[in-house]
Structures are given as structure tokens and as C-alpha cells.
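Quick caveat: nothing in here was measured; it's all calculated off a predicted structure. Throughout, a chain's letter reflects where its sequence line sits, starting with A, and its residues are numbered from 1.
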Amino acid sequence: MHKSFRFYVQLGLTLLVCAFLIIPIILSMLAGITDNFFIGWSSGFTTRWIVQVWDTYQVTIWRSIAIALACLVVTTLVGVPLAYMLARHKGGNSRLARAIEELLMMPVAVPGLATALALIMAYGQYREFRSSLLFILVGHVMFTLPFMVRPVLAVMQSAQLPVLEEAAASLGAGPLQRFFGIVIPNVFSGILAGALMVVTLSIGEFNITWMLHTPLTMTLPVGLADSYASMRLEVGSAYTLIFFLMIIPLLIAMQWVTHTTRSRVRL
Amino acid sequence: MKNAVSIQLIQCGKTFANGAQALQPIELAIRPGETVVLLGPSGCGKTTTLRLIAGLEFPDAGGQVLFDGEDVTGLPIEKRGVGMVFQNYALFPNMTVGENIAYGLKIRKIPAAQRLKKIDALLEMVHLQGLGQRRIDQLSGGQKQRVALARALAVEPRVLLLDEPLTALDAKLRETLRADLNQLLRTLGITTIYVTHDQSEAMALGDRVVVMERGKIAQIGTPQDIYYRPVSHFVADFIGTMNRVTGVAGGGQVRFSGGQLPYAVSAAGSQATLMFRPEDVEVVADGMGTANMHGEILSTFFLGDRTRLHVNVGAGQAVVVDTGRSASWQVGQRIALRVPEHALLHFQDEVAA
Amino acid sequence: MKNAVSIQLIQCGKTFANGAQALQPIELAIRPGETVVLLGPSGCGKTTTLRLIAGLEFPDAGGQVLFDGEDVTGLPIEKRGVGMVFQNYALFPNMTVGENIAYGLKIRKIPAAQRLKKIDALLEMVHLQGLGQRRIDQLSGGQKQRVALARALAVEPRVLLLDEPLTALDAKLRETLRADLNQLLRTLGITTIYVTHDQSEAMALGDRVVVMERGKIAQIGTPQDIYYRPVSHFVADFIGTMNRVTGVAGGGQVRFSGGQLPYAVSAAGSQATLMFRPEDVEVVADGMGTANMHGEILSTFFLGDRTRLHVNVGAGQAVVVDTGRSASWQVGQRIALRVPEHALLHFQDEVAA
Amino acid sequence: MLPKLPKPRSQRQRYLWFALPGMTLFLAFWLLPMLRLLAVGASGPTGAAAYLAVVTNHRYLMSLIATLLLSALVTLTTLLISVLVGLFLQRNRFAGKSLLLAMLTFPLAFPGVVVGFMVIMLAGRQGLIGGVSNWLFGDAWVFAYSLGGLFLGYLYFSIPRVILTVMAAAEKLDPALEEAARSLGANPLQVFSNVVLPALTPALISSGAICFATSVGAFGTAFTLATNIDVLPMVIYNEFTSYANFAMAAALSIVLGAMTWLVLALARSWSGNTAAAAA
Amino acid sequence: QNAICYNCPPEWADWATQIKAIKDKTGITVPPDNKNSGQSLSQIIAEKASPVADFTYVGVTFGIEAKKREVTTPYKPVGWNEIPNELKDPDGYWFTIHSGTMGLMVNVDALKGKPVPRSWQDLLKPEYKGLIGYLDPASAFVGYVGAVAINQALGGTLENFNPGINFLKALQKNQPIVPKQTSYARLLSGEIPILFGYDFDAYRAKYKDKANVAFVIPSEGTLSVPYVVSLVKNGPNPANAKKVLDFLLSNEGQAIWANAYLRPVRASAMSKEAQAHFLPAAEYARAKSIDYSKMAEGQRAFSERYQAEVR
Ligand SMILES: Nc1ncnc2c1ncn2[C@@H]1O[C@H](COP(=O)(O)OP(=O)(O)OP(=O)(O)O)[C@@H](O)[C@H]1O
Ligand SMILES: Nc1ncnc2c1ncn2[C@@H]1O[C@H](COP(=O)(O)OP(=O)(O)OP(=O)(O)O)[C@@H](O)[C@H]1O
Ligand SMILES: NCCCCNCCCN
Ligand SMILES: [Mg+2]
Ligand SMILES: [Mg+2]
């Protein structure tokens, strides 16, 4: 059978879209190691810009990693039990649970600017808090919490948790034994998927952080915005390159996890 | 044989939070060591009854669950000492076969060495020697079913509860496992409650069968009781294939266009419905005077070991007749049928139904 | 009766893109108006064969599909004029029952008034009068199945293709719909190909049954052919319940610890396996000399219209015996059995299998 | 002897405890501040009327309209492209597909500023498009800093999400439905419009709504491109930074947030899908 | 040992060197911060109850505004007396540390052979279509400075913005790029070949980043703008902040500005070598100063007009 005209139109469009999404990434990575992007690659390649970014902005990178990890810890400790409640309260059909789910999405729906403004208005007067990394962390936790809750909740809902728990109960396991022995191991893939998402989003969060940060709490994306505005294109590109090197492995891991989750969740 | 417990449900009704009354207050007494099958169409309350016994649901106020005469109504499942096999097995996917089987023992803090021994013994009992290390998703449906059974038995429960444990399997496998299960239950002598909607499974496995209908118990009895002596239209229809013939009563007969059947009770002139089993119908040579119905063959189904005929005798729905496999039938052919009087059933009070 | 088409598959094999050969080149000729059932275990290639006929798959190079002698091999389904009923019905959820049924007519630009008439006629035919406005998700499984059938028939297809149309339904409903379908197919007289893995369905519905095994045709014949005269172990096992007894051949008998069965062909001293149906076994009074096997009852299953016994005669697996319902049996009881010589089957070439 | 227990009615409420830490955090650090913001919004010279400023003030109104139009356009374009591409990717197997899919999802996790930078890479003065057009037509097309750039940027972060949603929905689509339509004589276009599109509709509504909401609220991209278009988030930023007009910034934020939430809620009720995939 | 500055961006006015020198000489760390004047003021106002910042560095009008909003506190550093009166608040709420001159930064290479414009009026020529950029006057201080400079040069006053508005309206035909943020990088990369900006940025591009960038003081005239620092009221580290402010006015601190092509407020700090990087004094004669507090008052009204009429 010959491929139809339609096939080639769709193929062409797909390639175009892929190019649109991927080429800028590649271009910016190349720009980060080009000696002079204005002249082009003929100017040669260099690690100068990367070294410069590393010198200038290294601290923002470590800071962002630290915040992302802290964010992961908090969202896991708080989000997994929360998802459990959403999945199980009143057999998973409670209005309260749906309302909470809705509420949790609000910090994602509402522009980050507003969340940040609200945090500053409400807690800006506590100087120690305001000028510490905790302040940024709070913003990140609010924004990323639903991204932990949702995949965990989804796995909980598809993993026949109620039946598994009933089975465990029939074998004599009490509520806590069930939560740690049955629930947690069986939603681990959801936690992993959520964790990767949380870390990724936290590392890249700009809209909230931009308003929340102080000179001592500048994060990677804020630094990126700075460098885009006030530095050579090559420096901004080098910084972006570093960002990509941090984030892309996480994204690939995420792909892998969701892939294996899907095949494992089915019971 | 271990000392088995008796179970009693006293006025156990169940109304769910959404107001649905899944179970009207029922009474049920199960003898120690007995295998009782709950049988009924979907939604009739079988699972609900089982879950009340398990301690996964609690009866409406006034209801009581007794184990060996002792009130366990308020006890949650983990304290009742029951073993349960779920419809889709509910094996823990994060554990191996062995870990699944030993989970209850681990909860009870039995030492690892003892657990291992027990796993081996149980695996052998369910014919799965050597599969202890397998991952759950590497098992076939029938193997999963056996692991679920072994897991439930590992903790030596006082009561074994099974909710449609064979439904998810294909027909051939179901029959094999049914035989195994039958043998096993008889050996263990443990009080067992088994839920199914498959009447042949119920009859094959149950010492007694509880037929349920819309939240109520329609009949309790041995398989023979419910097959030969159903107490209602519903039970008669639900168990096996049942013919219904409707006609006008009079002169000790019920008459319809294709013939008449002996029936003495009803007032003359009233409508009456008689029931009988396909295998109780004989095809007789016409003109011998022994026939009590005549009709035309609507369809024939060759079923291998027999041939099933649908015959229109002009009395409501077609009469189903099972004949020996040797004869050969044609659609449209007229035949004469005889039903012996002792095979006829009638339910006075339900005629209107 | 409309003028039905014949269908021929010539050397139709099918290898999928991933290299799996689902179908080895097969030959199949279907007569006009005939109902042919494709029967076989999961994965044997039934659906693939059906899809080749439908035009949803195309045979490997060299294969040909003929409708009335005309080559339609390259035609896609939308040009073949076939009606199809899918296992899970594949009703369009965004359309009402009526819109589903009329979809093919709409595609053919039949005016709305005519469509409405046709919908009514078809709804009546499948006993769903008045449901035209229903949403699909408000239908029961059986109703869906009927709508799917009506939709396929609406365009007056030359060929009707059904892929396990009853599998998703429960046993009682399946039997009712099977009878309806049987009657409908005979009335329409349209060439029909019906896929199932349920042998009783196949035998009940098929003019001829094509038994498939791992991408090949194992046997083609009437239901009686395949039941009484299976050409291989595989067919014999797959159709109905079949007993196998293995023993040592010699002196016109096959001997095993529980008895011997008449069998003349094999070389003396060699292993031989004989097969027979449960309903061909008679329980005889012991000591009369008519018995050819003795054994102990392992389990009994009361099935209502009969009782099934598993009897250990010391010849491999237990022998399954179906007895009349009246007798009463005990596990452990020893009984004598007789199998008439004409009921014994043997496949020389497959003894090794 | 078994211990006698009260009827475990309380078990029903047991799960609520699991939500306690999370909800406490949420209430303290999001809901409470938002209420505070609500009050701040009404604390300006015009009082609560600030909440109407979006419609009464010509400049705000224009920027609101521009924001909505831009977002709507982005949404429609994204849906159109993603349906075609998503279906294609779902239905065709080819070497390197999983790698390609992985790469396609990267932009999902890029912060808005990076997306803005990507647009500069594409449509800036030294961008790819300018280079290609200069080579082809002798004229470098540069539109990164115009409405076109913003549009491109929003497309950039919207397309991956919708493609993923379309693919997930298409995967669940029963192939038998399409075959059934074909068996009834439908041509490919009819199959698409009568069967495929209706089946994808709920997913399209929900992902379209998210796409719209994200575009309305997107700040980082607009900030980086710092274009001539005053989208509402930039207006809010401007009120805050240029004039320290917190009341107006708060009021506009609240209005913007409420609108976004409303769009999502409406979509959810239309598509009947509580789990409108957000990522 | 911190002193928190709002708006001490390492890539602007060579704060990078300054911050390093401060650390070396006083042991005080000033973390780099990349806000702009508006942002800094807004944040300080928002944090009024409990400030994070100790001092801020802003365009002069913002220093004046900050005093009005009562978020700064007076401080007269060592060297106070050497600051000309018009370049400081009499009470010390703000004082200038250096100034810059508005003009045209031109990336000569990016013009691809077109002549370097010499006057504001030159910019209206069609040949510069798409090549001109200026920061949004409604949102960036630098943008407002540019607009005021044009207005003054073309005969307007702080009471009469018509000449400036009319010029910007006419300029729209050339499709200017109007970013909201510092766009030094884009000038350098050729994204924006002609950008309204400060002399020190242009010199930095030319001498430090070695780009072929020219600075033009338009023939009609322009504005020079003082940049000031203010001590934040109730800041967390007032003592450290004061030490930093003192250093900024010290010979050493002022010399750093001069070497970064900024005009130090204490003229004596300008060395010969530093002076050599600047355009000749004759050119600078066209750069005027203005009543900065009135300029501050006019900003909101101008923004409204700009947004209503030009955009
Ligand atoms: N948790 C629940 N909340 C509300 N109604 C319920 C609940 N569980 C069961 N029901 C309803 O109670 C009735 C009986 O349900 P039950 O599960 O006991 O039926 P069943 O006989 O086991 O049916 P099946 O053969 O389908 O499993 C049904 O109408 C069912 O819809
Ligand atoms: N699209 C496909 N690509 C690859 N292999 C396929 C495809 N479709 C079917 N097969 C394989 O071809 C073989 C025959 O499949 P087919 O669907 O015809 O079996 P079947 O007899 O209909 O089985 P079932 O009763 O399970 O429906 C199977 O091994 C199956 O895995
Ligand atoms: N779900 C949020 C993922 C972040 C994507 N970035 C888009 C930028 C919008 N400002
Ligand atoms: Mg049930
Ligand atoms: Mg199939």
C-alpha cells in the first residue's frame, strides 16, 4: 500500500513542529560555546562563556538545587499523605476531596506574580523569613505540590488500592502497617514521577521566585533572566546550556518512569 | 480436621451512605466446617453479605454477626481472623509470590525460617512448587488464583471467604480449578463462604446454597433442594434452564393451543403457569397417545453431547427440549412431547408475577 | 432472500510488521448465504482471517480474496460492502442509537425521512422498538449488541462479519441472543462469517465450522463432523469435553491398571492413547462382565440435569463421566464403567504429541 | 476472648488526618496570603472599585483584550497543530520515536524566561528564521519582540502539553470505532470528523483550557521578550515596579487569577473530566 | 558582614569591580542584585515594615520619590561636601555617586554600512526602519530619561511634553523595538543596532566588550542623569551600609566609576586615562541637567500620555 498524500502532509507538519521545538534548544546550546555568535561558528568554539557563567552564577545553581531538593522533601512528606486522603476519603467520592484537589491547583492556575505578591504582602514583614531561602521554598512548594499529588493520586486510583488494603487487613495488618507496607510501595512509581516533576519545576520556577527573591536568594532562572537582559548573547546561551544540562536528564528520567509506571500500574 | 467455627447473621441489613439499601435485614446460620455458597444475579447483595461477615462493612443498627456465638459485629477485618480471596485476587504487586503468601505471617511476627517452611508447604498444597520467587505479573490467571488462596490460608483463618474467585478465568480453567478447590475445601474442613453468580459453580461446590434476590434471601438449601424443589419462580428460573407454559386451568389440566398438562389445584378457568426442566421432556412417537404437547421446531442447536430444540407449543415462550445426540431434527418439523407429572412445578402465589 | 455472495480466500497468509506470522497461507471457500464459524483458541488467527475478508488487513503477497469470484484483495473495507459487528460493539458514543444505526445511510446520503423509516424497521427487527433516541451509555450489554447488529445490517451488506459478538455478555443472555441471532441469520440468508472461541456457540450457529490452530486451519466441517469425526487430537480436545486414556496396546486391547479398551491397530507393546466423550461412558453394575474399566470416584459435581463424576481408572488423568441426574454417588466409591467400541477415537500419527 | 470494640464509625474520618499537614501549609501559605491580597486590592484610592478597573480603565481593558485574544489565538493554533501532529505520532511507528517524543516534551518544563530566549534564538535578529529568510529573500525576518514573538513563545510551551494529551486520548481511542465507521462506508475525512474528533473533544477542551490559562498568566516569556504588547501580567508587573501601585497590582492579579480559574473550571465541567491533565 | 543593596547589578556600571573593592577594603559583602530602579523602590516600599535592603542605588528621580514615600533615612557620608548641591538632597536622603549622559548607542557593524545617525531627527529617516530601540518610557526609568532628553532637545519643557510625544509618534513609522528591560546585550549582539542609552554603556561596549559601538550625543542636545544612593530606613545592617556609602564616595570608589566610563560625582576622581575614553568635552557641552524633582513628578502623567497617544 502506498502512503497517502495525507500521510506526507502530516509527516511534514510533524517534522516542522519538531524542528520548531528542538532547533532553538540546539542553537542556544551551540551559541553557549561559540566564540562570537554575531560572527557565527566560524569564530570558533570556546568554553570561556561557560567558565564565566560558572564564576558569576555558580551560587545560583547550587541554591536552585538545594531549593529543589528541599521542595521535593516537603512535597513528598506532605503530598503523599494528602493524595492518600484524596483517594480514600469516603471511598474516593467525597466532595471535600474534589474541593481540595481543585484548591491545590489554584497556585498553578493563578499567575505566579499574584502568588508572590500575596506572600510578600502577608509575610514580608518577617525579615528573617523574608530574606531566607525558606521564603522561596514556600512559594515553590505551593506551586509544585499539585504535581506531586496528582501522579500519586492517579496511581492510587488505578492501583486498586482499596482492594489491596482490604486484602492486607484480612491478613491482620493495621492501618499504619497497610499505609507503609502496601500503599507506599505500590504507589512508588507515582511518587517517583511526581518527584521528578517537582524537582524539574522547582529548578525552573521563575514567575513566583522573581518577586520573592532577594539579593541573597537569587535562583538560577532569575539569574538567567538577568543574563538575558544584561549580558552577551553567548553568556546567556552558556547559562542556558548549563540549565539544560541540569534539567534534561531529569526530563528523560521522568519519561522513563512514566513509561514503566504505565506498564506496571495495571494489576 | 481443625475445630471450625459457626457463623450467624442476625437481622443484618446494610444501607450505604448514599441511601442504597443493598441488604434487607437477613438471618443466616452457617454450621462449623460447612461450605455455603451465596448465589444470585449481579447486585443482589452477595458481596455485601460476604463483606459483613468479613468485617469490611458493618451492618445497620440492630444487626449482629456472631462467630461461634460470640458477637464480632464491631470488629474490623484485621481482628476477625478470616481469610479472604478476592475476585481479582488482590495480590500485592510489590511482593513476590512467597512474600505475598507470608505477608500475614510477617504481620504476626512469625520468624523468617518458619515462614519459609510454611510458604513451601502452601505452594505445594496449591501445586505451585518452586514459584515462590516469581513476580506477581509473571503469573497466569489460574496461578494468581492459587496464590491468593494460599495467602488466605497461610494465617490459618477461622473462616474462609471467597468472592467470585473463578469468574475472571476462562471456562476450561475454571472447571479444573473448581475441582481442585472442591477437593481442598473438603480436606481442610474450614467454614467457607463462597460467592458466585454461576449456578453450576454453586451447585458443584456448596454443601448448601443461599440464593439471593434483590437484597433478600430467596432460598437456602442443598443443591438438590434448590434444583428440584425451588420455592419460587425466581429460584426456578435462576437455577438451570426452566420452561414455562401458560394456559387455562380446568378439569385437572392446564390447556393451551398445543396440548395440555396435568395440574389439579387451580380454580377452573383461571390462568395457570407450569414449569419443567428441558431434560424432563421426552420426545415421543406421535399418535401413541402418550404425548401431552405437540409443536413445531423453531431452532435446533447441536451441542455435541445433546441437541437442544426450541419448540413452539403455543403456550407463551418456546419450550426448550434436550434430546439425545443421536437423533436428527429439522427446523419446521412437528413433534410430540411428553412431560411426566412429577416433573411439573407450580407456584400458586406468584402467578401474577 | 437476497442474492448472497460467495467468498474465497486463496493462499491468504498474514505476516505482521513485527514479523509475527499470524496466519499461514490458507484456503477457504464459503458458499453464498452460508454461515461459517471460525473457531479456535486465543491467538490462533480467527480475527486476522476475518479482517482479511473485511478488508481491514491485506494478505501477504500472493494471497487473494474473492467475492463472487471477483478479486477484492486490494479494496479497503469502505469499498467492500461488508457489515461488521465488533466484539465490544464499537458503537459511536457521540451518537444516539438511531444515529448509530443510520450512520452508514447518512454516509450514503440517504434522505433523512428514509433513514428514519429504516431505523424503525431495524429497531423492530432487533426487538428494540422505541430506543432510537437513547444514548449509547444508557444501554445494557445485550442491547448494545443488538444495536451493533442493526447498524451493520442497515447498509444491506453483501457479507456479514461478526467478531465474538456475544463474548462480553453473561451466560444466560448469551444463550438468548444466540437463539435470536440464529433465527435472524437464517431469515436474512446473507453470507455470514462468525468468529468465536466458544465451541458450543460455534456448533449452535455454524452451517460449517472452521477450527483453527496456530495460524492454520485444523478442520472444516459441519458441527456434527467436527464433534463426531475430529481429525486430530487438537480438534477432539477443543470441541466438548474429551477423555484420554493411555495404556499399552496388545491383543486388540489397550491395557491400563483400571481395565482395558478394545483397540486393534497399534503394534503390540507400544503406548497408545484412546479418546472418548463423557456422555459415551456408561456406569454398569459390577460383576456383570460388561464393564471394561473400574475406578474410584474422585469428585462428584451435581450439575442439575446430570451429575459429573471424576473417576480414577489408573490411566493418566481422571476419566470424566456424565451420569443421569437421578443416581447418587459418593466420593471414594468404586464403580465399573463401559465405553462402547464405536465411541473410541484414536489418532495414529499424533500419539507422540 | 476477642476485645470488644465500638462500631468503627470514626474510620470514615480517619483519612482526613492524612490531609492535615498539606492543608495546613496550603492554608497558611496560599489561601491566607491570597485573602490578604484581596484586601490589598481594595486598599487603593479607589477602594474596591479597583476590581472593576480592568473594564473601566481603557488601558487595562485594551491590555485585557489583547491578552485574551492572543491566548485564544494561541490556543486554537495549538489545538489545530497538536491534533494533527499528536495523531500522527500516536499512529506511526518509526525508529527513534521515543527519543523524539522525549525531546518534544522538554519545553514543558522550561521556565518562561527560557522559552523567551528560545524565541530569540528562532526569531531574533540573529535567529534561525531571520537567517533563513535573509538567505532566501535577502531580508531578515525579525519578530521576536513583537506580538509574533510572544505568539511563538506561547506556542512553544503550549504545543508539547497538548500533543501529549492528544496522544494519550488517541491511545485510548478504540480502533474498532474507526473500523466500524469505515465498514459503514465512511471515507477518511468522515472517519476523522465523525469518530476521532468527537472522541478527542473532552481532551481538547481540557487541554485547550489549560493552554489558554497558561497563556493568559504567562509572565516569564513576556518579561524576557519585553515586547511592545502589554499583556496583562506585564501590566501588573509594571504597576508594581514602576509606580509601586500595589493595590492596582493586587486587584489586577486577583482578577486575572479568577478569570484563569474560571476558564479551567468551565472546561472541566464541559469535558466532564476532573483530572484535566495539568503539567 | 553584609550590606544588602537593591539594584547593584554586576553588569551595570561595573558594580562587579566596585563590589569586589568594597569587600577587599571594608570586608563587607554586597550581594549583586539585578533589579532596576523602579523594582527596587517598589520592593522597598512593599517591605517597608521590615526592610530587607540596607541601601539602594537608583536613578535620581527614584531617590526623590523614595524620600516622599518615607522609606529612606538621611545619611551624609564622608566627602558629602564635595558633592555639588544640585546633586544631593539637602538632608542626605539621597546623594549622587556618579552620572551618565543619554545618547545614541550605535552598533556600527549592525548598521551594515548605513551612516551613523548624528541627531534625534536623523532617526526619522526611513533607512533606520527596524533598527532603532528605546526602553519603554512607561515602564523603565532609562526610557523616561530618553523621552525627556528628546523633549528638552526639541524645545519642550517639563510642563510641555508635546515635542517629545510628537517625535516618538513620528518615530513609530520606523517600527522601533521597545523593550521594557535593559537591553545592553541586544545592542552588543546587533539585535538592536541603535539604542537610546547611556554613554558609559556605550564605552563599555566599545572598550571592554570590544564591539564596534559608537556613542552619539545628538546635535539637538541631551540630558545627563545623576545616579544616587539612599540609605533604607530601618535596614538590617545600617552600620555596614554606611561604611559602603562612605567607600563609594572615597577616592578609590570614585576612581572605579571613572574607569568604568561613568562621570564620578567628585570630578577630581577622574584620571587622565579615564578621561581619554570619553567623547571630547565640547560634545558633552550639549548635555544639560534639569530639575530632577519636577522630572520625577512628571513621570506618571507622561506615561499616561505616551501610552494613550504613541502606542
Ligand atoms: N459502597 C457502596 N455504596 C453504595 N452502594 C453500594 C456499595 N456497594 C454495593 N452497593 C450496591 O448494593 C447492591 C448490592 O451490591 P453487591 O456488591 O453486594 O452485589 P453482588 O451481589 O455482589 O453483585 P455482583 O455479582 O455484581 O458482584 C448493589 O445495588 C450495589 O450497587
Ligand atoms: N497488529 C498486529 N501486529 C502484530 N501481531 C498481531 C497483530 N494482530 C494480531 N497479531 C498476532 O497474530 C496472532 C493471531 O491474532 P488474532 O487476533 O487473529 O487471534 P484470534 O484468534 O482472534 O485470538 P483471540 O481469540 O484472542 O481474539 C496472535 O499471535 C497475535 O498476537
Ligand atoms: N505547568 C507549568 C510548566 C511550566 C511551563 N513553562 C511555561 C511558561 C509559562 N509562563
Ligand atoms: Mg459482588
Ligand atoms: Mg480475536
Could you look at Val114(D) and say if it's the side chain, the backbone, both or neither that has a heavy atom under 4.5 Å from chain A?
both
Taking C-beta and beyond as the side chain, do Ser237(A) and Phe117(D) meet within less than 4.5 Å on heavy atoms?
yes
Report the option among Cys18(A), Ala225(A), Gly112(A) that has the most heavy-atom pairs separated by less than 4.5 Å from atoms of chain D.
Cys18(A)
Is there a side-chain contact between Met121(A) and Pro33(D), using heavy atoms and a 4.5 Å cut-off?
no
What part of Ile254(D) gets closer than 4.5 Å to chain A, counting heavy atoms only: side chain, backbone, both or neither?
neither
Proximity breakdown for Leu84(D) and chain A, heavy-atom pairs closer than 4.5 Å
both
Residue Leu264(D) versus chain A: region with a heavy atom under 4.5 Å:
side chain
Could you report the tightest heavy-atom contact between Met211(A) and Phe240(D), atom names first, then the distance?
CE-CD2, 3.2 Å
Looking only at Leu86(A), Ile23(A), Leu233(A), Ile252(A), the option with the highest number of non-hydrogen pairs under 4.5 Å against chain D is Leu233(A)
Contact part of Ala28(D) toward chain A, heavy-atom cut-off under 4.5 Å: side chain, backbone, both or neither?
both
Value for CG (Leu21(A)) from CE (Met103(D)), rounded to nearest 0.5 Å, stands at 10.0 Å
With the side chain counted from C-beta on, respond yes when Phe106(D) and Phe244(A) share a heavy-atom pair under 4.5 Å apart, and no when they do not.
no
Just so I know, are the side chains of Gln10(A) and Leu87(D) near enough to count as touching, which here means a heavy-atom distance under 4.5 Å?
yes
Interface check, chain D: of Leu16(A), Val141(A), Val222(A), Leu104(A), most non-hydrogen pairs under 4.5 Å belong to Leu104(A)
With a 4.5 Å heavy-atom cut-off, do Ile22(A) and Leu100(D) have their side chains touching?
yes
On the 0 to 90° scale, with breaks at 30° and 60°, tag the Phe110(D)-Phe243(A) ring pair as parallel, tilted or perpendicular.
perpendicular
Do Leu113(A) and Leu256(D) come close enough that some side-chain heavy atom pair is under 4.5 Å?
no
Could you walk me through whether Leu27(A) and Met118(D) pass side-chain contact (heavy atoms from CB on, under 4.5 Å), step by step?
CA-CA 9 Å; Leu27(A) 272 184; Met118(D) 295 298 107; over 6 Å; no
Which residues pass the side-chain hydrogen bond (donor to acceptor under 3.5 Å, both in side chains) test with Tyr84(A), not counting sequence neighbours?
Glu165(A)
With heavy-atom distances below 4.5 Å as the criterion, would you say the side chains of Phe29(D) and Leu137(A) are in contact?
no
Heavy-atom distance under 4.5 Å to chain A: side chain of Leu89(D), backbone, both or neither?
side chain
What heavy-atom pair brings Pro24(A) and Leu122(D) nearest, and what distance separates the two atoms?
CG-CG, 3.5 Å
Sort out for me which of Ile25(A), Ile247(A), Leu15(A) touches chain D most, counting heavy-atom pairs under 4.5 Å.
Ile25(A)
Relative to chain A, which segment of Tyr237(D) carries a heavy atom at a distance below 4.5 Å: side chain, backbone, both, or neither?
both
Just do the side-chain contact (heavy atoms from CB on, under 4.5 Å) check on Val110(A) and Trp30(D) with the steps written out, would you?
CA-CA 11 Å; Val110(A) 168; Trp30(D) 198 81; 3.9 Å; yes
If I measure from the heavy atoms of chain A, does Ala39(D) come under 4.5 Å with its side chain, its backbone, both, or neither?
neither
Under the side-chain contact (heavy atoms from CB on, under 4.5 Å) test against Phe20(A), which residue among Ile81(D), Ile129(D), Leu155(D), Leu128(D) passes?
Leu155(D)
Under 4.5 Å between any side-chain heavy atoms of Trp261(D) and Val108(A), yes or no?
no
For Arg6(A), give me all partners under side-chain hydrogen bond (donor to acceptor under 3.5 Å, both in side chains), at least two apart in sequence or on another chain.
none
